[in-house]
Amino acid sequence: METLKGVLAYKGERGYSAYEIAVQKGYIGTEEDWLNTLGTSSQVNINETEYVTTEVNEDEFDLPTAYISGSHLDIYIEGRKLVSSKYSIDTTNRKVTLTNPLGVVGTSIEFVVTTILS
């Protein structure tokens with residue numbers, strides 16, 4: 001009788017923990033603080049604001065009105081998430097400035113503000 005040798009399967013990448021997902025969605029605090037919130041009622045408010053560029057080389061935009069202290073902002077350009085090192089937030093003047101201007105009129109930008117309310 002012939003025996004078959006098995007081949008080890010590809011091991012998938014480690015997924016995100018629930019805490020890591022909460023941080024990605026805007027949670028600010030330590031993992032211990034987050035664990036203490038489990039079982040309590042918190043509300044997550046997500047606000048999406050869309051904008052289409054009207055000028056060449058636009059790099060400054062109004063901060064969405066939904067953005068408050070402690071909020072998390074994600075920016076998507078043509079559906080692709082922009083890493084946070086590619087923009088800055090000025091809460092005093094309520095502006096978002098991109099590191100690289102958008103050179104094409106009609107570029108779609110989406111601002112997603114996530115706020116966790118206790």
Side-chain angles (χ1 to χ4, degrees):
M1 180 172 241
E2 190 175 324
T3 60
L4 298 174
K5 288 187 176 184
V7 178
L8 293 177
Y10 173 75
K11 183 178 180 180
E13 293 182 26
R14 177 190 166 284
Y16 294 109
S17 71
Y19 169 72
E20 291 168 327
I21 293 170
V23 169
Q24 290 173 359
K25 297 295 183 182
Y27 179 76
I28 299 171
T30 66
E31 186 170 5
E32 185 176 333
D33 293 338
W34 178 79
L35 288 170
N36 290 331
T37 68
L38 296 179
T40 63
S41 60
S42 292
Q43 179 183 0
V44 176
N45 183 27
I46 298 175
N47 179 278
E48 300 173 6
T49 303
E50 291 187 42
Y51 180 82
V52 176
T53 59
T54 57
E55 299 176 16
V56 175
N57 295 327
E58 283 188 73
D59 66 348
E60 187 175 86
F61 304 91
D62 290 331
L63 191 59
T65 56
Y67 187 92
I68 59 173
S69 178
S71 293
H72 176 79
L73 177 66
D74 286 318
I75 299 175
Y76 296 83
I77 298 177
E78 296 293 332
R80 300 181 109 179
K81 186 176 178 181
L82 193 62
V83 295
S84 60
S85 63
K86 298 291 183 182
Y87 62 90
S88 61
I89 300 171
D90 179 350
T91 56
T92 303
N93 295 314
R94 302 215 36 95
K95 297 286 184 185
V96 175
T97 304
L98 304 180
T99 304
N100 299 313
L102 300 172
V104 179
V105 172
T107 301
S108 172
I109 302 174
E110 184 178 15
F111 299 97
V112 180
V113 177
T114 305
T115 308
I116 298 177
L117 307 169
S118 297

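Residues Asp74 and Lys81 are paired through a salt bridge, judged by an N-O separation under 4.0 Å between the basic side chain and the carboxylate.
Between Lys25 and His72, the closest side-chain pair of non-hydrogen atoms is not below 4.5 Å. Side-chain contact check for Phe111 versus Tyr76: every heavy-atom pair is 4.5 Å or farther apart. Using a 4.5 Å heavy-atom threshold, the side chains of Asn45 and Thr114 count as separate. Side-chain contact between Ile109 and Ile75 is present, with heavy atoms from C-beta onward closer than 4.5 Å. Looking at Glu20 and Tyr27, their side chains never come closer than 4.5 Å, going by heavy atoms from C-beta outward. Using a 4.5 Å cut-off on side-chain heavy atoms (C-beta onward), Val104 and Thr53 make no contact. Side-chain atoms of Tyr67 and Asp62, non-hydrogen and from C-beta on, never get closer than 4.5 Å to each other. Contact annotation: the side chain of Thr107 approaches that of Glu78 to within less than 4.5 Å [non-hydrogen atoms, C-beta and beyond].
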Worksheet entry | Intermediate values then yes/no, side chain to side chain contact (heavy atoms under 4.5 Å, CB included), Leu63 and Leu73 | CA-CA 9 Å; Leu63 191 59; Leu73 177 66; 4.1 Å; yes

Fill in: Worked verdict on Ile68 versus Thr115 for side chain to side chain contact (heavy atoms under 4.5 Å, CB included)
CA-CA 8 Å; Ile68 59 173; Thr115 308; 3.8 Å; yes

Practice prompt. Take Asp90 and Thr97 through the test side chain to side chain contact (heavy atoms under 4.5 Å, CB included) and record every step on the way to the result.
Written response: CA-CA 8 Å; Asp90 179 350; Thr97 304; 5.9 Å; no

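Distance CD1/Ile28 to OG/Ser71: 7.5 Å, rounded to 0.5 Å. Rounded to the nearest 0.5 angstrom, Asp59 CG and Tyr87 OH are separated by 15.5 Å. Expressed to the nearest 0.5 Å, how far OG of Ser17 lies from CD of Glu31 amounts to 6.0 Å.
Within 6.0 Å of NZ on Lys86 lie no more than 12 heavy atoms contributed by other residues, nucleotides or ligands.
Of all non-hydrogen atoms in Thr49 and Pro64, the two that sit nearest each other are OG1-CB, 3.8 Å.
Side chain to side chain, Glu58 and Tyr51 meet the donor-acceptor criterion of an N or O pair below 3.5 Å.
Val23 and Ile46 fall within a single hydrophobic cluster, where Ile, Leu, Val, Met, Phe, Trp and Tyr side chains are chained together by heavy-atom contacts under 4.5 Å. Hydrophobic clustering keeps Val112 apart from Phe61 (ILVMFWY residues linked when any side-chain heavy atoms are closer than 4.5 Å, directly or through intermediates).
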